[in-house]
Amino acid sequence: MPNWHSPSELATDALMYIKLMHALIGLYAWEFIVSLDFDWAILSGKKKFRWPLTFYFAGRYVLLFAIIGALIGMDTSVEVNCKAVYDFSEFAGDAAVGLACINLSLRTIALWSKNKWIIGILVVIILGHWSLILQGMPVSATWVPGVGCTFVEGNTIIPAAIFVYSMCFDFVVLCLTAYKLAWDPRRTGSSPLHTKLARMIFTDGLVYFIVAFLANLTVTVFMILDLNPVMSVLFNAPAAIASTIMASWAVRRLYNFDLGYPEVYHSDQQPINFRSPHPPQVPRPTTEPTVIHVDVDTFSQGHPLSDLEAYGTGKPGNDSHSSHGDEEQKRPEVL
């Protein structure tokens with residue numbers, strides 16, 4: 001068992017922390033750049049902005065600023081206020097975790113929009129989460145000549161509570177989503193996970209929960225062990241980056257989801273696309289044509305998935321048809 005507080009061990013752990021941070025920064029920079037086209041489409045007006053995207057943008061850019069602060073603390077050769085730099089970086093990282101939880105909980109709030117009790121409970125949970133985030137600073141740092149910013153002992157109780165709370169929060173959100181999309185339809189006699197949209201929401205939430213749970217669990221274990229100041233914060237950045245990437249990915253997938261529209265194919269004609277408000281006139285054939293009906297997923301206003309329109313579900317860049325969920329979709333009659 002190494003002496004975790006020996007100068008040599010602290011130097012080794014600090015070097016490992018710096019290398020891990022640079023690798024994670026490269027990962028997040030790559031993900032940030034490849035998804036900038038979505039951000040630009042929203043900011044330039046090519047895609048319609050909807051209010052849930054506020055938390056999407058906040059999470060992405062708060063974490064970006066946290067990474068910039070960490071880079072300044074690790075790589076600067078000029079004396080800086082290390083405590084201020086790392087306080088900001090750690091707070092922004094914790095805030096990114098909180099915003100990732102909000103991004104996933106908003107989907108559940110939309111699904112349960114008719115149940116004010118569930119919405120109230122989720123809002124209270126969110127407020128409790130942020131009450132911990134706003135007071136949690138895991139360690140302090142000081143400037144050491146010839147070395148740079150160095151971590152010193154700090155309180156790890158509240159930061160550990162933040163990540164435990166995040167795991168419980170994510171689990172509650174996953175259970176509520178699974179109940180609404182699977183168990184509730186089965187209990188009422190309809191098919192569970194009966195649409196592509198429902199399956200995508202459930203799958204994305206499950207993937208996010210698994211990744212975020214494992215990352216937050218690792219952070220919590222090392223904070224509780226409190227081996228030394230460096231090891232206590234070693235896995236904070238991986239947890240924040242993993243949660244933010246997965247939450248952002250899930251938001252973009254839901255926003256860009258195409259609900260689909262019914263089409264009818266005649267054996268001797270081109271397909272009629274009922275997305276168009278004025279479908280082309282097809283002359284009645286002299287003999288009865290062979291008709292092939294293509295089934296698609298439809299739902300009515302009473303279905304909980306119709307409330308997810310606030311996220312922009314529909315074909316990207318075609319907002320004029322997003323209101324088709326306001327009334328029940330009906331299949332066209334084919335004579």
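- With values rounded to the nearest 0.5 angstrom, Leu20 atom CG is found 7.0 Å from Phe235 atom CZ.
- Remark: the backbone N or O of Ile201 is not paired with any side-chain donor or acceptor of Arg253 at under 3.5 angstrom.
- Hydrophobic clustering (ILVMFWY, side-chain heavy atoms < 4.5 Å, transitive): Ile210 and Phe171 are in one cluster.
- Thr218 contributes a side-chain N or O that, together with a main-chain N or O of Leu214, makes up a donor-acceptor pair within less than 3.5 Å.
- Side-chain atoms of Leu104 and Met246, non-hydrogen and from C-beta on, never get closer than 4.5 Å to each other.
- Nearest heavy atoms, Ala96 versus Val62: N-CG1, 4.3 Å.
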For side chain to side chain contact (heavy atoms under 4.5 Å, CB included), just list the numbers for Glu9 and Val230, CA-CA rounded to whole Å, side-chain angles, deciding distance to a tenth of an Å, and then say yes or no. CA-CA 10 Å; Glu9 182 63 30; Val230 179; over 6 Å; no

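- Tyr61 and Trp40 are assigned to two separate hydrophobic clusters, defined by single-linkage of ILVMFWY side chains at heavy-atom distances under 4.5 Å.
- Closest heavy-atom contact between Tyr208 and Cys101: OH-N, 3.8 Å.
- Nearest approach of Lys180 to Leu111, heavy atoms of both residues: CE-O, 3.3 Å.
- Lys48 contributes atom NZ, which lies 11.5 Å from atom CG of Leu53 (distance to the nearest 0.5 angstrom).
- The backbone N or O of Gly73 sits nowhere less than 3.5 Å from a side-chain atom of Thr76 that would complete a donor-acceptor pair.
- Hydrophobic clustering (side-chain heavy atoms under 4.5 Å, transitive across Ile, Leu, Val, Met, Phe, Trp, Tyr) keeps Leu10 apart from Phe222.
- Using a cut-off of 4.0 Å between Lys/Arg side-chain N and Asp/Glu carboxylate O, Glu90 and Lys83 are scored as not salt-bridged.
- Of all heavy-atom pairs spanning Trp51 and Phe55, the tightest one is CZ3-CE1, 4.0 Å.
- Crowding of Ile157 atom CD1: a count of heavy atoms from other residues, nucleotides or ligands under 6.0 Å not exceeding 12.
- Atom CG of Leu254 sits about 11.5 Å away from atom CH2 of Trp249, to the nearest 0.5 Å.
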Set out, in order, the CA-CA distance, both residues' side-chain angles and the distance that settles ring pair (Phe, Tyr, Trp, His ring centres under 6.0 Å) for Phe38 and Tyr56, then state yes or no. CA-CA 11 Å; Phe38 178 84; Tyr56 164 81; 5.5 Å; yes

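- Judged purely by atom type and a 3.5 angstrom limit, Thr203 has no side-chain atom pairing as donor or acceptor with the backbone of Met200.
- Looking at Arg60 and Leu99, their side chains never come closer than 4.5 Å, going by heavy atoms from C-beta outward.
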Can you check side chain to side chain contact (heavy atoms under 4.5 Å, CB included) on Met16 and Met21, steps first, answer last? CA-CA 8 Å; Met16 180 171 59; Met21 282 297 300; over 6 Å; no

Hey, mind stepping through Ile241 and Ile67 against side chain to side chain contact (heavy atoms under 4.5 Å, CB included) and telling me if it holds? CA-CA 9 Å; Ile241 291 175; Ile67 288 174; 4.3 Å; yes

Could you walk me through whether Asn216 and Ser166 satisfy the side-chain hydrogen bond (donor to acceptor under 3.5 Å, both in side chains) test, starting with their C-alpha distance in whole Å, then the side-chain angles of each, then the deciding distance to 0.1 Å, before giving a yes or no? CA-CA 8 Å; Asn216 292 336; Ser166 299; 4.7 Å; no

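- In this structure, NZ on Lys19 lies 14.5 Å from CG on Leu24, to the nearest 0.5 angstrom.
- Under a hydrophobic clustering in which Ile, Leu, Val, Met, Phe, Trp and Tyr are joined whenever their side-chain heavy atoms come within less than 4.5 Å, directly or via other members, Phe57 and Leu36 fall into the same cluster.
- Of the possible donor and acceptor atoms, one in the side chain of His22 sits under 3.5 Å from a partner among the backbone N and O of Ile18.
- The hydrophobic clustering, which links ILVMFWY residues whose side-chain heavy atoms are closer than 4.5 Å, places Leu127 and Trp130 together.
- Contact annotation: the side chain of Tyr17 never approaches that of Met231 to less than 4.5 Å [non-hydrogen atoms, C-beta and beyond].
- Proximity of Leu43 to Phe49: side-chain heavy atoms (C-beta onward) are nowhere separated by under 4.5 Å.
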Under the side chain to side chain contact (heavy atoms under 4.5 Å, CB included) criterion, do Trp143 and Asn81 qualify, and how do the steps go? CA-CA 7 Å; Trp143 178 265; Asn81 187 340; over 6 Å; no

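- Side-chain N or O atoms of Ser89 include none that pairs as donor or acceptor with a backbone N or O of Tyr86 at under 3.5 Å.
- Of the possible donor and acceptor atoms, none in the side chain of Asp170 sits under 3.5 Å from a partner among the backbone N and O of Phe209.
- No option in Ile119, Ile125, Val173 other than Val173 meets the side-chain contact (heavy atoms from CB on, under 4.5 Å) test with Ser105.
- Taking all atoms of both residues into account, the shortest heavy-atom contact from Ala239 to Val219 is CB-CG2, 3.6 Å.
- The CZ atom of Arg252 sits 8.5 Å away from the CG atom of Asp37 when rounded to the nearest 0.5 Å.
- Glu31 places no side-chain N or O within 3.5 Å of a backbone atom of Leu27 that could act as its donor or acceptor partner.
- Ring-plane geometry between Tyr165 and Phe169 is classed as perpendicular, the angle between the planes exceeding 60 degrees on a 0 to 90 degree scale with a lower cut at 30.
- For the residue pair Ala92 and Ala66, the shortest heavy atom distance occurs at CB-CB, 3.4 Å.
- Interatomic distance, Ile109 CD1 to Leu122 CG, rounded to the nearest 0.5 Å: 5.0 Å.
- Remark: side-chain polar atoms of Trp112 are paired, donor with acceptor, to backbone N or O of Leu176 under 3.5 angstrom.
- Between Leu63 and Phe32, every side-chain heavy-atom pair lies at or beyond the 4.5 Å cut-off.
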